[in-house]
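Worth saying up front: this structure is predicted, and the values here are computed from it rather than measured. All chains are named by letter (A, B, ...) in the order of the sequence lines, taking the proteins before the strands, and each is independently numbered beginning at 1. Only this structure's heavy atoms are used, side chains among them; waters, hydrogens and symmetry mates stay out.
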Protein chains: 2
Amino acid sequence: MSEKVSSRKQQVRAEDVARHAGVSRVSVSRTFTPGASVSDATRAKVLKSAEILGYRVNRLASSLNRSESGIVALVAAEIDTPHRAAMIAELSERLQAAGKVTMLINTSGYEERVKDALLQAISFRTEAAIILSGAPDPSLADTCFSNGMKLVLINREEDFPGSLQIGPDNRAAGKTALKALLRAGCKRIALANSANATWSIVERQKGFLAAAEEAGVDVLCEVDGFTSYQAGLELGTALLDREDRPDGIFCTTDLIACGVIDAARQRFGLRTPDDLSVIGFDNIQQAEWEGYDLTTFAQPTDQIIDKCLEWCTTEQPSSETVKLPAKFVWRNSVQKARVPMK
Amino acid sequence: MSEKVSSRKQQVRAEDVARHAGVSRVSVSRTFTPGASVSDATRAKVLKSAEILGYRVNRLASSLNRSESGIVALVAAEIDTPHRAAMIAELSERLQAAGKVTMLINTSGYEERVKDALLQAISFRTEAAIILSGAPDPSLADTCFSNGMKLVLINREEDFPGSLQIGPDNRAAGKTALKALLRAGCKRIALANSANATWSIVERQKGFLAAAEEAGVDVLCEVDGFTSYQAGLELGTALLDREDRPDGIFCTTDLIACGVIDAARQRFGLRTPDDLSVIGFDNIQQAEWEGYDLTTFAQPTDQIIDKCLEWCTTEQPSSETVKLPAKFVWRNSVQKARVPMK
DNA sequence: TATGCAGATGCAAACGTGTACAATAATCAG
DNA sequence: CTGATTATTGTACACGTTTGCATCTGCATA
């Protein structure tokens, strides 16, 4: 039937344009290839015919004999989380500006899905895969490399040869958080973290606890639930319900911090910063909201992305681990300093 | 130099696998093509060799002579906005489950970028483009169709032949919002909306105002800023600062509603629902947070996506406009009914 | 006029895969 | 054992590009 033919032939090819413009097929290709040699007259004819016929270069086909596909894979879980969403928004924006195309691969759920994601990326001959959550099997990474793909791990610092590992200096931030709480005069200091936390989130906890040990102060640790607002509510409730109620809490995530603040306000009638000092991490949009006004750490998103793009566009990039300082953002969820700096 | 060769030849091809397994190249192709005829012995050999060599079918190449690329474009602006992010998370998840691959195109900024986005989608022979914000030029849409691409417009109901237009029934929701405020006994009713609102958001406003006129009540209209929390803060401040301070506000967006509630609480010491009733729209995650506990409308996300996928996988789908009811979500930002239902 | 040169164009061969068709091997009924 | 049927494999071409090489044109230089 004719339907079969139409569903087969419906694409406009370079040859159609060539025939319409009365030039050879290669001239069409050259017209759309920057730096190729075509006369102005030919180019004009081609462009006009292409416009009329609605022709667009088939990048699937052109990727075949060019070495670059122009596609970059973004692998991430829980992409509706504020910080993750902001990261993806920025990354896709910048990739686009750099002439790349982003393929989004959602890996929420099983950890196994990172593997499937990378296999998919390989299938589409992605130039690079930027992994925002989780980490691949080393052998799988090798398969990526052997197919000419670059690998970026954000927020992972494990030893992973051949890739770029980049993220904030989580330990240093944890340390800074403790100092800030001490300087605010907090006497009973606590930490609220999720039991299902990412590697990088656990690093923040470690940095915080290490600094506490160094300073010789006890820290009340409450670890439970997921990295979510709801977990924050519960963690906050558990902490504030104690007899030795803490007066300073470091939350490993802004979402948790928001939950803790709401628990304090709605369930205990406590206010930040007067009754309770709270510090978060990520600087999500809600941290700026008037109801929270959260003192927190801003992820060095811009610098991370800068480095990402630069590394990915390098010809033969070498393995690299980059730790960038997270900027401490002073707002109003922590008591003004009572203890003077020495 | 050898580097040039390696950067050229580094991809593992079906032919390499064939040679390694001692079979013909087509047998490799058939092994990875569901339903093709290969003997178990051959398939086993091929799979083993493929595993060893790290071979993956090049989908760019296979898309050339199959008619389907498996790629679906997601076109959206401001993808770090809570509702948008949730939508993208769900969509990418479901597309993946349906065996599709999602290409994310960020169109924040100029309206013109929707055009570039679609041109890019055509270049990659995307099977469909799902547009979450903005609308394309009709002539451009035709180019899409002539290249065999399907078009879905979410949250647009303009007449757009050849595409699926789907979204919540915004007018009906506006109407429901007004009734709810009246039933709560509100005397001075207001509407808070952004001056840069989307088409669908304006529909909510129209529905609300139409219902008000029908009921013979005056509505205080405050329209300014962007569709953001900050705009909500300012709109709320402006409204609550008036002599005839409103006691019921419909916000066309949850983000605006959160801003209004915070303005009430932080700047005027007013609480919902006692001093003020507030209704939002979108049912973003923050609406559920204890500090807001916002009564709002849930977008029929699941049904929208169901319909999307079904329509996109239909062979020759016909133009269709679908309006789905938005579910009213009762929480605690609106006074309990003082006026009995009649 | 002959020589060289640069720009424009065409031919043919890739890129890596899927599939119609023909050819071969295996199976089975008689 | 023969012919018919089926399962498997191989050959050749198609998909829509880009690109190396060769050709051709026009033009300035010696």
* To do: Measure from the side chain of B/Val26, starting at C-beta and using heavy atoms only, and say which of C/dG16, D/dT18, D/dA12 lies closest.
  => D/dA12
* Once you round it to whole Å, what is the distance between P of D/dT17 and CD1 of B/Ile122? -> 13 Å
* Report yes if the side chains of A/Ile304 and A/Lys307 come closer than 4.5 Å at any heavy-atom pair, otherwise no. => no
* Using a cut-off of less than 4.0 Å, is there contact between a side-chain N or O of A/Ser27 and OP1 or OP2 of C/dG10? -> yes
* Asked: Given atom CD of A/Gln11 and atom P of D/dA14, what is their separation to the nearest angstrom?
  -> 17 Å
* Structure fact -> When rounded to whole Å, the CZ to C1' distance for the pair B/Arg30 and C/dG16 reads 16 Å
* To do: Give the nucleotide from the list C/dT17, D/dA7, D/dT17 with an atom nearest to the side chain of A/Asn58.
  => D/dT17
* Structure fact -> Whichever of B/Asp40 and A/Tyr55 has the more 5' nearest nucleotide on DNA chain D, that residue is B/Asp40
* Structure fact -> Nearest heavy-atom contact between A/Ala76 and A/Ile88 is CB-CD1, 4.2 Å
* At under 4.0 Å, does any side-chain N or O of B/Ser62 touch on OP1 or OP2 of C/dG16? -> no
* Does any non-hydrogen side-chain atom of B/Thr198 lie less than 4.5 Å from one of B/Ser133? -> no
* Under 4.0 Å: is that the gap between some side-chain N or O of A/Ser39 and OP1 or OP2 of C/dA8? -> no
* For atom CZ of A/Arg66 and atom P of D/dG16, their distance in whole Å -> 19 Å
* Contact under 4.0 Å: A/Ser24 side-chain N or O vs C/dT9 OP1/OP2 -> no
* **Nearest atoms (heavy-atom pairs only) where A/Asn155 meets A/Ser200** => OD1-CB, 3.4 Å
* Whole-Å distance between C/dT19 C1' and B/Leu64 CG? -> 14 Å
* Roughly how far, to the nearest 0.5 Å, is CZ of B/Phe124 from OG of A/Ser63? -> 5.5 Å
* Closest-nucleotide 5' rank along DNA chain D - winner of A/Val28 and B/Arg25 -> B/Arg25
* Atom-to-atom span, CD of A/Glu15 to C1' of D/dT17 - whole angstrom -> 12 Å
* Tell me what A/Thr42 touches on the nucleic acid: a base, only sugar-phosphate, or nothing, going by heavy atoms under 4.0 Å. => sugar-phosphate
* Measure the distance from CZ on A/Arg59 to C1' on C/dC15 and round it to the nearest whole Å. => 16 Å
* Do the side chain of A/Asn65 and the base of D/dT19 come within less than 3.5 angstrom through a donor-acceptor pair of N or O atoms? -> no
* Using whole Å, report how far CG of A/Leu60 lies from C1' of D/dA14. => 16 Å
* Asked: According to a strict under-4.0 Å criterion, is A/Ser29 in side-chain N/O contact with OP1 or OP2 of D/dT18?
  -> yes
* No-H, no-angle donor-acceptor pair, A/Arg56 side chain to D/dG16 base, under 3.5 Å -> no
* Quick one: does A/Met103's side chain get under 4.5 Å of A/Leu74's, heavy atoms only? -> no
* **5' priority, DNA chain C, between A/Ser37 and A/Arg125 [closest heavy atom]** => A/Ser37
